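Numbering of ligands and ligand atoms starts at 1, following listing order. Bear in mind the structure is a predicted one, so any value in this text is a computation, not a measurement. Each residue takes its place number in the sequence, starting with 1.
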Amino acid sequence: MKPVEIKPGVYWVGAIDWNLRYFHGYLTPRGTTYNAYLIIDDKITLVDTVKHYLYDEMLSRIKEVVDPAQIDYLIVNHVEMDHSGCVPKIMELLPKAKVVTSPQGKKGLLRYFKREWDFMVVNSGEQLNIGARTLNFVHVPMVHWPDSMVTYIPEDKLLLPNDAFGQHIGSAARFDDQVGWDIIHEEAAKYYANIVLPYGDNVLKALDVVSQLDIDMVGPSHGVIWRSYLDKIVPVYRKWAGNETEPKAVIVYDTMWDSTTRIALALQEGLEEAGVPVTVRFLQTNHMSEIMTDLLTSRAVLVGSPTLNNGMLPSVSGFLTYIKGLRPKKRIGLAFGSYGWGGQGAKEVAAILNGMGWEMPVDFINLQYLPDDQELDGVREAGRKLGAAILA
Ligand code: FEO
């Protein structure tokens, strides 16, 4: 396997996971990569590793450049095992290497692997001279784990931020301009919405640090390397981190006998009449990780469920559990649903949306059995009212 020289003396030696379709609850139709970087200098340095089952692929790329026994430092920017999974195996080939990581990184590696390697713990702002280059370490806690750290190489104007700026794209292309903005933007948005969204405040702090650095290339740990679209992705990241949305709505629902579908579609009509673009996502045909991409940029989120066994449908409950964990803020919510008796489904949805601190300018909608024309007129009116609040 061939490495790719991304800067003079800096090689991509990662691995391509062509077949990955599911990443802890997140669908990855394009597969992904795990990116490791090898720096040839007076002291030879490997930055991160790959998922355990792609060890041979990474090793063959490293061996094309250098005998692994010559590696002096292994930097672990992040402990999650898609990046640290090969640390135990590669360390067997690195007799003189120190493992360079944050204090939380050391704790995590010890908990996972129970090996007392020769650790070099670095604090945020510390530097490590490796010859012609000085590696700068900046801790970015909770972007997206407590141990998360980025490595910056000023001499190469290169930032290696691990998961930040990642995208799940498994491709022979190594650089953003080889894939094109539309695809990379879509995958970066999906990645942000499903992985990074809860940590917006930390992302903003990290962006403030990064904006002071002289950078012309960013090598994340997943997907392609940014070199041509940096001026586009950084402001977009800032918007996502600040929960800045567009005046549009996403309707997410499941149904039993189509009563909730009718309400969803009447809401769509009302919103559109008010001038708000709407995306409709049926939970039986859309995976929640795909819906998160719509939700990332939508100001309003409408969630509908019929009542089943005195509660909401499990599909809706699963979706709400997922978004509660991802903590989107500054959204407008509306709950709706249908019931035969009891009617707890929509009430439960409303309670969860309220609990997330969202604005709820329109009362939740809960209609018995099949909504009639008059009731649907009322739903359209609610949609128009919500639309006015979205555009306000
Ligand atoms: Fe790609 Fe947080 O691991």
Side-chain angles (χ1 to χ4, degrees), residues 12-37 46-55 57-58 74-88 90 99-113 137-151 159-171 174 176 184 187-203 205-206 210 218-226 233 237 240-241 289 292-293 322 325-327:
W12 174 84
V13 291
I16 305 170
D17 199 343
W18 297 102
N19 297 320
L20 187 85
R21 293 293 177 272
Y22 186 86
F23 191 92
H24 57 54
Y26 163 178
L27 298 189
T28 53
R30 291 188 165 95
T32 195
T33 67
Y34 313 102
N35 298 334
Y37 299 92
L46 177 63
V47 181
D48 293 319
T49 70
V50 301
K51 213 168 181 178
H52 66 97
Y53 51 77
L54 293 167
Y55 172 75
E57 187 173 327
M58 175 187 73
L74 169 56
I75 294 172
V76 177
N77 276 325
H78 177 32
V79 171
E80 194 164 11
M81 288 208 284
D82 47 336
H83 310 296
S84 72
C86 291
V87 171
I90 192 85
V99 176
V100 182
T101 191
S102 67
Q104 291 289 341
K106 180 180 175 184
K107 272 189 202 168
L109 290 171
L110 287 170
R111 290 293 301 167
Y112 270 127
F113 302 117
F137 305 108
V138 180
H139 295 181
V140 286
M142 301 317 295
V143 182
H144 69 129
W145 275 24
D147 54 270
S148 296
M149 180 172 92
V150 307
T151 300
L159 181 71
L160 303 176
N162 199 268
D163 279 330
F165 298 105
Q167 347 83 41
H168 284 313
I169 299 175
S171 165
R174 291 279 61 79
D176 52 3
I184 197 171
E187 291 296 344
K190 188 175 180 193
Y191 186 96
Y192 189 95
N194 284 279
I195 304 263
V196 192
L197 184 58
Y199 311 113
D201 292 345
N202 305 68
V203 172
K205 279 185 213 154
V210 165
V218 171
S221 57
H222 297 287
V224 294
I225 294 164
W226 301 89
I233 192 64
Y237 242 67
W240 293 337
S289 63
M292 278 312 298
T293 316
Y322 193 60
L326 290 166
R327 300 201 294 274

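- Summary: OE1 is the N/O/S atom of Glu80 found nearest to atom 2 (Fe) of ligand 1.
- Gln167 contributes no side-chain N or O that, together with a main-chain N or O of Tyr191, makes up a donor-acceptor pair within less than 3.5 Å.
- Note on ring orientation: taking the six-membered ring where Trp is involved, the planes of Tyr53 and Tyr34 are perpendicular (angle over 60°, cut-offs 30° and 60°).
- The closest donor-acceptor contact from the side chain of Asn77 to the backbone of Asp48 lies at 3.5 Å or more, if one exists at all.
- At least one N, O or S atom of His83, from either the backbone or the side chain, sits less than 2.8 Å from atom 1 (Fe) of ligand 1.
- Distance check for His144 against atom 2 (Fe) of ligand 1: an N/O/S atom falls below 2.8 Å.
- Annotation: angle subtended at atom 1 (Fe) of ligand 1 by His222 NE2 and Asp82 OD2 is 80°, to 10°.
- Atom OD1 is the N/O/S atom of Asp163 found closest to atom 1 (Fe) of ligand 1.
- In this structure, the side chain of Asn35 engages the main chain of Gly223 through a donor-acceptor pair within 3.5 Å.
- A parallel orientation is assigned to the rings of Tyr112 and Trp145, their planes being inclined by less than 30° (bins at 30° and 60°).
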